[in-house]
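First the structure, in the form of structure tokens, and then the observations on it.
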Amino acid sequence: MAEDQTKRKFYLTTPIYYANSRPHVGSAYTTIACDVIARYKRMCGYDVAYLTGMDEHGVNIERAAEKQGISEQELVDRNCKIFQDLWTLLGISNTHFIRTTSGKHARGVQELIRRTRRVSPDAIFKRKYEGRYCIYDNLYVSDSPEPANCPTCGRPAELVSEENYFFRLSAYQEKLLDLYKQNPQFVVPDFRFNEVKSFVESGLKDISISRKSIKWGIPWPDDPEHVFYVWYDALTSYMTGIGFGSAGEKDRAEFARYWPADIHAMGKEIIRFHAVYWPAFLMAAGVQLPKQIVAHGWLLFEQEKMSKSKGNVAYPEPIVKAFDELTGAKVGNDALRYYLLRETVFGQDGNFSREALIARYNADLANGLGNLASRTLTMISNYCGGVIPDAHTGAGPFSKSYTDFIGAFSEVSLQIILEAYDVFGFAGAILSIWELIASADRYLVLEKPWALASESARRDELERVLYAAAESIRFVTILAHPVIPDATEKIWHQLGLPGSVASQRIDRVLDADRKLLPGTHIRKPEGVFPRIDKKEALERIEAMENEIRNSGSSRSGAAQPRATEATSGSGTSGAAATAAQPGTSGQAAATAATGATLATPPAPAANTKISIEDFAKIELRVGVVKSAEKVQGADKLLKLLVDIGDEVRQVLAGIALAYQPEQLVGRKVVIVANLAPRKLRGQESNGMLLAASDGADGKPVLCTFAEDIMPGAKVK
RNA sequence: GCCGGCGUAGCUCAGUGGUAGAGCGAGGGUCUCAUAAUCCCUAGGCCGUGGGUUCGAUUCCCCCCGCCGGCACCA
């Protein structure tokens with residue numbers, strides 16, 4: 001918050017994280033990536049505001065709190081602390097932190113809607129909302145009145161209707177397309193941008209932005225029966241987090257300084273809300289639009305399919321703490337950050353593997369940078385009395401390896417690395433920096449300073465070599481600092497340099513007056529990245545993860561799986577990997593994946609019972625599949641003819657990903673016989689097959705019978 | 001079904017119209033300042049399949065197979 005008005009500002013945000021459970025590696029990935037950008041921009045001389053925060057409203061919070069017998073506020077306070085502790089552990093340099101339960105946020109959201117009604121009176125309107133709602137799982141399944149099945153339990157959802165406030169998104173199609181045209185970098189990577197464009201081109205529907213049934217939310221101004229619904233509330237935090245809606249002089253100035261955001265970063269699953277809804281909301285309110293939406297990919301866990309029994313969800317804390325404990329040094333944070341950024345191409349999905357992380361740590365950090373610093377500083381300590389020697393750049397002759405080496409640390413390499421950072425090419429930047437480390441190691445072997453040290457006549461050569469090596473470490477330390485802040489500060493200190501690396505100008509690392517000063521006393525060399533034993537580390541990490549899992553805090557409120565978990569497997573068999581949803585709130589994930597929205601019912605879920613009369617309304621009958629075929633133009637639909645005793649029904653079922661048509665013929669199934677007919681892909685469906693779905697990948701499994709039973713028999 | 005991407009050495013990936021590259025892992029060697037670290041050498045891989053354009057394609061075009069993403073769709 002140390003604003004320096006003479007500097008150019010830079011404002012970036014992570015998504016706000018949903019407060020119903022603890023963060024996993026995916027959330028950490030988003031936040032770390034943003035932290036690297038923030039640190040990098042600061043080192044380029046920007047006045048950076050970096051916002052992260054918590055999404056603390058909605059039904060999942062209500063439910064989780066109830067389950068734990070505490071108030072909503074207690075629950076979100078507790079989970080907020082877990083997130084904040086993690087950000088501290090990861091050295092996240094955010095300058096702002098927003099919680100949607102804060103008073104200032106609520107005032108900002110209400111202010112934005114008031115402003116919208118002033119600027120665009122047509123944008124907000126009230127209308128009857130009709131959607132499908134599952135009474136068993138207490139969630140909105142679909143925003144359309146069309147019949148729908150609950151993604152969690154598979155049962156048909158109830159039709160519900162209430163008056164809601166809507167945002168006229170449909171009116172913004174052309175304006176959005178124009179925005180995209182004017183700003184070819186509005187969304188990165190470009191393939192995501194194309195997806196956004198085609199989504200908007202295909203037509204936009206108005207969206208509901210309030211709910212009557214939710215209590216745990218921000219009341220609608222002048223109509224407190226309503227609360228704001230998910231996205232309008234959540235997205236606005238990017239503004240309220242830096243002072244929007246506040247009457248205070250300081251807040252107003254801060255907002256004026258930092259808005260619009262330069263970057264909103266997030267996982268790919270919530271890009272639509274940021275690239276479509278959010279600009280539309282802002283246009284309607286007459287507020288400046290963010291400059292860029294940056295979407296990264298997912299982390300897939302160790303190439304294997306997620307399974308609850310395996311519990312292979314990775315949490316950041318065990319990794320960081322295990323590394324710290326086993327090495328007796330604070331290296332875990334750097335290890336995790338380095339691995340995540342080095343191993344994945346930002347924007348694309350990446351693999352997350354603990355083994356690979358440990359291997360990277362040992363190969364690149366311990367054997368690479370750590371060892372280079374250690375050997376160089378030790379030699380300066382042993383051969384030069386612990387003082388940075390003279391560079392001897394004045395008089396030759398210079399060996400070829402010297403000129404080559406100096407040449408590597410040139411404006412050219414610097415520009416390559418800076419450009420990589422500028423386009424979020426973290427892996428590329430790291431690769432280039434580590435090439436420099438390798439060249440330093442190579443240089444030392446060629447020059448053999450340990451041999452020079454024994455020949456007093458070659459004193460100048462020795463000093464020249466060690467000075468060059470030390471300089472190369474300074475160079476690398478500054479360039480790598482955004483990625484590995486802890487170790488670079490340690491090396492900086494060991495080089496005897498004043499202040500912190502963080503306050504160095506990364507783009508001026510080559511300036512003559514910033515080079516190491518001969519005569520500087522270095523400090524005691526200490527290994528910054530002690531090597532770690534793979535087996536030991538794996539065991540330690542696993543033990544700590546089990547602790548978290550058994551403590552129950554890993555899913556303090558997630559009653560149903562996030563829908564994105566199901567979609568990421570995409571119905572393939574075998575090798576499907578399951579992803580973390582970096583940067584997603586659970587609420588957001590569910591919304592993104594299903595197009596449905598979550599809300600809370602007035603009554604608690606588990607206590608909702610129906611009467612036998614209610615059940616009797618549903619006519620379930622045994623059927624035998626007579627024929628089955630794929631429906632043209634649909635991935636998931638099969639057209640079945642089902643004999644239910646007195647007639648043969650045509651039924652369409654969305655099970656094509658799980659069943660081959662031929663294997664269904666002759667099979668006994670249960671169908672809902674008195675369901676209203678519905679057209680699907682032009683074909684009429686008369687009834688519905690009962691199926692359970694596996695939470696992990698959402699694959700349907702048909703109900704059937706072990707004993708013989710006649711078609712047409714009633715099921716009850 | 002529509003739109004887009006990918007398929008290159010064990011693994012992760014670069015790459016170019018002209019007889020294929022890096023890192024990691026593995027094998028061998030070397031120095032000894034350093035964290036059993038460094039450095040050097042070693043992988044002979046139909047560059048998914050088939051066809052086309054071309055003097056010549058891994059690189060350009062088309063089909064197919066496999067994988068992935070977005071949308072539609074999942075009574």
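So you know, we letter chains A, B, ... as the sequences are listed, proteins then strands, and number each from 1.
A/A359 comes within 4.0 angstrom of nothing in the nucleic acid, heavy atoms only. Within the 4.0 angstrom heavy-atom criterion, no nucleotide atom of any strand lies near A/V196. Contact annotation for A/S202: no contact, since no heavy-atom pair falls under 4.0 Å across all strands. Nucleic acid contact class of A/Y383 (heavy atoms, under 4.0 Å, all strands): sugar-phosphate only. Among the atoms of the strands shown, base atoms are found under 4.0 Å from some heavy atom of A/N371.
Distance noted for atom P between B/U53 and B/U8: 27 Å (whole Å). To the nearest whole angstrom, the two P atoms, one in B/G48 and one in B/C3, are 24 Å apart. Comparing the C1' positions of B/C55 and B/U19 gives an interatomic distance of 14 Å, to the nearest angstrom. Distance noted for atom P between B/A57 and B/G66: 27 Å (whole Å). Distance noted for atom P between B/U42 and B/G21: 12 Å (whole Å). Look at the C1' atom in both B/C61 and B/C68: the space between them is 23 Å, to the nearest Å. Rounded to whole Å, the P atom of B/G28 lies 16 Å from the corresponding atom of B/G44. A gap of 8 Å separates the C1' atoms of B/G56 and B/G17, to the nearest Å.
In this structure, A/N367 places its CG atom 13 Å from C1' of B/C39, rounding to the nearest Å. The distance between atom NZ of A/K534 and atom P of B/G25, rounded to the nearest whole Å, is 10 Å. Between the CG atom of A/L431 and the C1' atom of B/G21 there is a distance of 13 Å, given to the nearest Å. Nucleotide B/C39 holds its C1' atom 13 Å from the CG atom of A/L372, rounded to whole Å. Regarding A/R272, its CZ atom lies at a distance of 9 Å from the C1' atom of B/G70, rounded to whole Å. Nucleotide B/G5 holds its P atom 11 Å from the CZ atom of A/F191, rounded to whole Å. Per the geometry, NZ belonging to A/K205 stands 11 Å off C1' belonging to B/A72, to the nearest Å. A straight line from CG of A/L444 to P of B/C40 spans 13 Å, rounded to a whole angstrom.
You'll find that the side chain of A/R360 is closest to B/G23, out of B/G69, B/G23, B/C39. Candidate nucleotides B/G23, B/C33, B/U35 were compared by shortest atom distance to the side chain of A/R531, and B/U35 ranks first. Residue A/F199 has its side chain nearest to B/C71 when only B/U38, B/C71, B/G69 are considered. When each of B/C24, B/U38, B/C31 is scored by its nearest atom to the side-chain atoms of A/A363, the top-ranked nucleotide is B/C24.
B/U58 is unpaired under the Watson-Crick or G-U wobble criterion, no partner having all donor-acceptor distances under 3.5 Å. Base pairing of B/U53: no nucleotide in any strand meets the Watson-Crick or G-U wobble criterion (both distances under 3.5 Å). The pairing partner recorded for B/G7 is B/C65, the criterion being a Watson-Crick or G-U wobble arrangement whose two distances lie under 3.5 angstrom. With a 3.5 Å ceiling on both atom-pair distances, B/A14 lacks any Watson-Crick or G-U wobble partner. When Watson-Crick and G-U wobble pairs are counted only if both distances are under 3.5 Å, B/A37 pairs with no nucleotide at all. Shown here, B/G1 forms a base pair with B/C71; the pair counts as Watson-Crick or G-U wobble because both key distances fall under 3.5 Å.
With 3.5 Å as the limit, one finds no donor-acceptor pair spanning the side chains of A/S472 and A/Y443. Side-chain contact check for A/D390 and A/Y467: no donor-acceptor pair (N or O, by modelled atom type) lies under 3.5 Å.
A/N362 places no side-chain N or O within 3.5 Å of a backbone atom of A/R531 that could act as its donor or acceptor partner. Put simply, the side chain of A/S353 gets close to the backbone of A/E355: a donor and an acceptor are under 3.5 Å apart.
Scanning both residues, A/A487 and A/F529, for their nearest heavy atoms gives CB-CZ, 3.1 Å.
Comparing A/L369 and A/A438 against RNA chain B, the residue whose closest nucleotide sits nearer the 5' end is A/L369. Nearest-nucleotide positions on RNA chain B for A/F529 and A/D364 put A/D364 closer to the 5' end.
Contact annotation: A/R442 reaches the phosphate of B/C40 (side-chain N/O to OP1 or OP2, under 4.0 Å). Checking the phosphate oxygens (OP1, OP2) of B/G70, no side-chain nitrogen or oxygen of A/R192 falls inside 4.0 Å.
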Exercise. Please test A/R464 against A/E461 for salt bridge (Lys or Arg N to Asp or Glu O under 4.0 Å), starting from the C-alpha separation and ending with a verdict.
Key: CA-CA 5 Å; A/R464 179 183 293 153; A/E461 280 178 70; over 6 Å; no

- Begin from the C-alpha positions of A/E647 and A/R649 and carry the test salt bridge (Lys or Arg N to Asp or Glu O under 4.0 Å) through to its verdict. CA-CA 6 Å; A/E647 61 175 309; A/R649 291 271 189 94; 3.1 Å; yes

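A cation-pi arrangement is not found for A/K197 relative to A/F199, the charged atom failing to lie both closer than 6.0 Å to the ring centre and inside a 45° cone about the ring normal.
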